[in-house]
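Each ligand, and each atom within it, is numbered from 1 in the order the structure gives.
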Amino acid sequence: MRIKINQIKESDIGKKITVKGWLKTVRNQKTFSFLDLNDGSTLQDLQIIADESAKNYTKIIEDLTTGCSVSITGEVVKSPGKEQSFEIKATEIELIGKCDAQTYPLQKKRHSFEFLRTIANLRPRTNSLGAVTRVRNALAFATHKFFQEKGFLYINTPIITESDCEGAGEMFKVTTLDLLKPPLKNKKEIDFEKDFFEKPTFLTVSGQLEAECYACAMSDVYTFGPTFRAENSNTARHLAEFWMVEPEMAFADLNDDMDCAEEYLKYCIKYVLENCKEDLTLFDKFISKGLVKKLEHVVNSKFERLSYTKAIEILQNTKKKFEFPVKWGIDLQTEHERYLTEEHFKKPVIILDYPKDIKAFYMRNNDDGKTVAAMDVLVEGVGEIIGGSQREERLEVLEEKIKKMGLDPKTLWWYLDLRKYGTVPHAGFGLGFERLVQFVTGMENIRDVIPFPRYPGHAEF
Ligand code: ATP
Ligand code: MN
């Protein structure tokens with residue numbers, strides 16, 4: 001029976017096992033070979049010693065090259081090398097799939113992440129992308145574990161929608177109309193009644209509005225799904241398609257929201273510190289020096305909480321020069337966010353009570369008439385990792401806000417119903433899952449923490 005490499009223990013020494021995977025390196029000596037095998041279960045390659053006593057060895061040794069797939073049976077033996085405590089002495093080697101050494105793009109040297117993006121189909125075979133994949137998986141598992149332990153229900157919200165949650169006009173259209181000959185209304189407008197959904201439809205930018213419907217029945221829910229933004233996202237922190245974790249809590253205010261966000265982040269980081277030690281060592285060594293210390297620091301610090309107004313004061317009083325000038329009412333830029341968390345407070349920061357004019361219609365008005373109960377969590381290297389708010393639960397106030405922002409209350413009848421029929425204070429947030437993976441791995445570019453990144457000009461694979 002096949003065993004995964006990460007399952008082999010020192011206590012297996014003396015046992016006969018079978019492993020399957022892809023060869024990372026092959027070093028042929030005069031009478032025997034060292035093979036390094038990886039199967040994705042761990043960063044550590046498994047060293048295999050094979051010589052003529054292994055069945056098939058002489059027949060296939062020529063074809064055993066980097067990248068080929070093999071099945072190897074042998075005995076676990078103590079390793080004399082200091083890289084590993086055990087290795088496999090092969091008794092049988094089966095070549096499953098040859099690998100064309102002339103064209104195989106993954107050679108033993110280090111490749112740039114830019115180059116690896118062009119071979120996203122093969123890049124999970126590299127140490128770094130393999131490690132990212134395992135950490136991403138651990139963070140997804142920790143996410144479900146955290147919310148499930150707290151009694152949140154996992155719900156799935158639609159991908160295709162009529163509504164623009166953020167009102168930012170950054171949506172991808174979904175249509176089955178013939179773009180060369182769309183049906184017209186009054187000869188000039190596209191007649192969407194003839195389209196598949198009989199209305200203009202889009203890929204969702206957030207599952208929040210639908211999650212609110214479920215929170216206002218089930219109390220605590222969360223979504224974890226893909227979201228889409230057609231913003232010109234040519235930065236190291238934006239993707240056109242990314243995954244968002246969105247909890248929504250009934251009978252909760254902004255403080256509860258911030259508490260939940262802080263606890264969730266710390267939980268995920270702790271989980272990875274405990275369960276992905278080996279992979280974190282790689283990131284700490286080659287990608288972001290001091291990463292593990294940074295993560296431990298985050299777990300052990302109380303996040304700084306301050307109002308937007310106070311944050312503006314701090315930014316205005318520093319000698320640091322910013323590209324975007326600071327004054328009350330602006331939307332904070334990444335440079336501002338990073339200054340606050342990296343240089344001023346040197347720990348994660350939660351900024352709350354933003355000016356209402358720069359925030360979405362659903363955020364609850366504060367009594368000052370100028371701000372809303374919104375909060376953003378900022379972390380080192382990334383800037384905004386979470387955006388959340390207490391939702392406006394007062395029907396008249398919400399209707400007023402919708403109209404003021406130029407939206408049509410008629411299309412949001414279902415959302416307004418929640419405020420008509422048993423309204424409750426409620427709150428939630430959205431965490432960009434890739435930004436979390438970026439933060440925890442220290443990877444510089446968001447395009448390298450999702451298997452197949454989508455960004456302007458790139459939807460291959
Ligand atoms: P930013 O100002 O960084 O563009 P945002 O204010 O547009 O973010 P929200 O609409 O509040 O972000 O979305 C919630 C979370 O989703 C953000 O805190 C961030 O972590 C993540 N996020 C937003 N846009 C993107 C994107 N294009 N790619 C990846 N993650 C994103
Ligand atoms: Mn954005």
Side-chain angles (χ1 to χ4, degrees), residues 136 139 143 157 163-172 202-209 211 222-248 254 257-258 260-262 264-265 268 303 308 311 324 330-338 340-341 348-352 354-355 357-363 372-391 427-441 443-459:
R136 186 180 167 111
L139 287 167
T143 294
T157 47
S163 60
D164 178 358
C165 170
E166 295 298 318
E170 295 170 340
M171 303 182 90
F172 288 99
F202 311 91
L203 294 178
T204 187
V205 294
S206 160
Q208 179 201 315
L209 302 189
Y222 68 108
T223 73
F224 182 3
T227 50
F228 308 85
R229 304 223 174 150
E231 54 196 352
N232 198 7
S233 49
N234 266 313
T235 78
R237 283 174 309 279
H238 288 89
L239 290 164
E241 174 179 298
F242 63 100
W243 287 65
M244 189 134 65
V245 177
E246 296 181 275
E248 192 68 36
L254 192 67
D257 205 32
M258 292 188 286
C260 181
E262 181 167 347
Y264 164 57
L265 267 184
C268 285
F303 292 7
Y308 167 90
F324 294 90
I330 61 156
D331 205 355
L332 295 182
Q333 299 293 325
T334 304
E335 55 171 343
H336 307 135
E337 297 174 340
R338 291 184 61 171
L340 289 168
T341 176
V349 172
I350 309 183
I351 297 183
L352 53 140
Y354 280 81
D357 292 340
I358 57 170
K359 289 292 184 186
F361 74 91
Y362 52 73
M363 297 189 182
V372 284
M375 63 96 178
D376 279 2
V377 182
L378 317 178
V379 295
E380 194 187 312
V382 170
E384 179 188 333
I385 192 165
I386 287 178
S389 66
Q390 185 173 338
R391 319 307 188 188
F429 62 80
L431 163 121
F433 189 61
E434 285 72 24
R435 292 203 186 163
L436 176 64
V437 184
Q438 234 188 323
F439 181 64
V440 171
T441 57
M443 291 289 287
E444 211 153 282
N445 199 313
I446 197 165
R447 297 169 186 177
D448 301 321
V449 299
I450 184 166
F452 300 99
R454 268 74 180 105
Y455 52 101
H458 293 83

Q | For atom 3 (O) of ligand 1, the option (of Arg435, Arg454, Glu231) bearing the nearest heavy atom | A | Arg435

Q. Short list, please: which atoms of ligand 1 are under 4.0 Å from a heavy atom of Gly387?
A. 18 (O)

Q. Mind checking what makes salt bridge (Lys or Arg N to Asp or Glu O under 4.0 Å) contact with Asp257, not counting sequence neighbours?
A. none

(Q) Once you restrict to heavy atoms under 4.0 Å, what part of His238 touches ligand 1? Side chain, backbone, both or neither. (A) both

Q. Which residues pass the side-chain hydrogen bond (donor to acceptor under 3.5 Å, both in side chains) test with Arg454, sequence neighbours left out?
A. none

(Q) If I apply the N/O under 3.5 Å rule, does Gly432 come out as touching ligand 1? (A) yes

Q.
Under 4.0 Å from a heavy atom of Ile385: which atoms of ligand 1 are those, numbered in the order shown and with their elements?
A. 18 (O), 20 (O)

Q. Out of Arg237, Gln208, Glu170, Met244, whose heavy atom sits nearest atom 14 (C) of ligand 1?
A. Met244

Q. Does any N or O in the side chain of His336 come within less than 3.5 Å of the main-chain N or O of Phe324, such that one atom is a donor and the other an acceptor?
A. yes

(Q) Between Glu170 and Arg229 (side chain of the first, backbone of the second, donor and acceptor by atom type, cut-off under 3.5 Å), is there such a pair? (A) no

Q.
Over 60° means perpendicular and under 30° means parallel, so tell me whether Phe172 and Phe228 are parallel, tilted or perpendicular.
A. perpendicular

Q: Please could you name the atoms of ligand 1 that Ile386 approaches to less than 4.0 Å, counting only its heavy atoms?
A: 18 (O)

Q) Should Leu431 be counted as touching ligand 1, given the test is an N or O pair under 3.5 Å? A) no

Q: Determine whether the side chain, the backbone, both or neither of Thr334 has a heavy atom under 4.0 Å from any heavy atom of ligand 1.
A: neither

Q) Heavy atom of Ile446 under 4.0 Å from ligand 1? A) yes

Q: With the side chain counted from C-beta on, respond yes when Arg136 and Val440 share a heavy-atom pair under 4.5 Å apart, and no when they do not.
A: no

**Q.** Donor-acceptor contact below 3.5 Å, side chain Glu246 vs main chain Gly207
**A.** yes

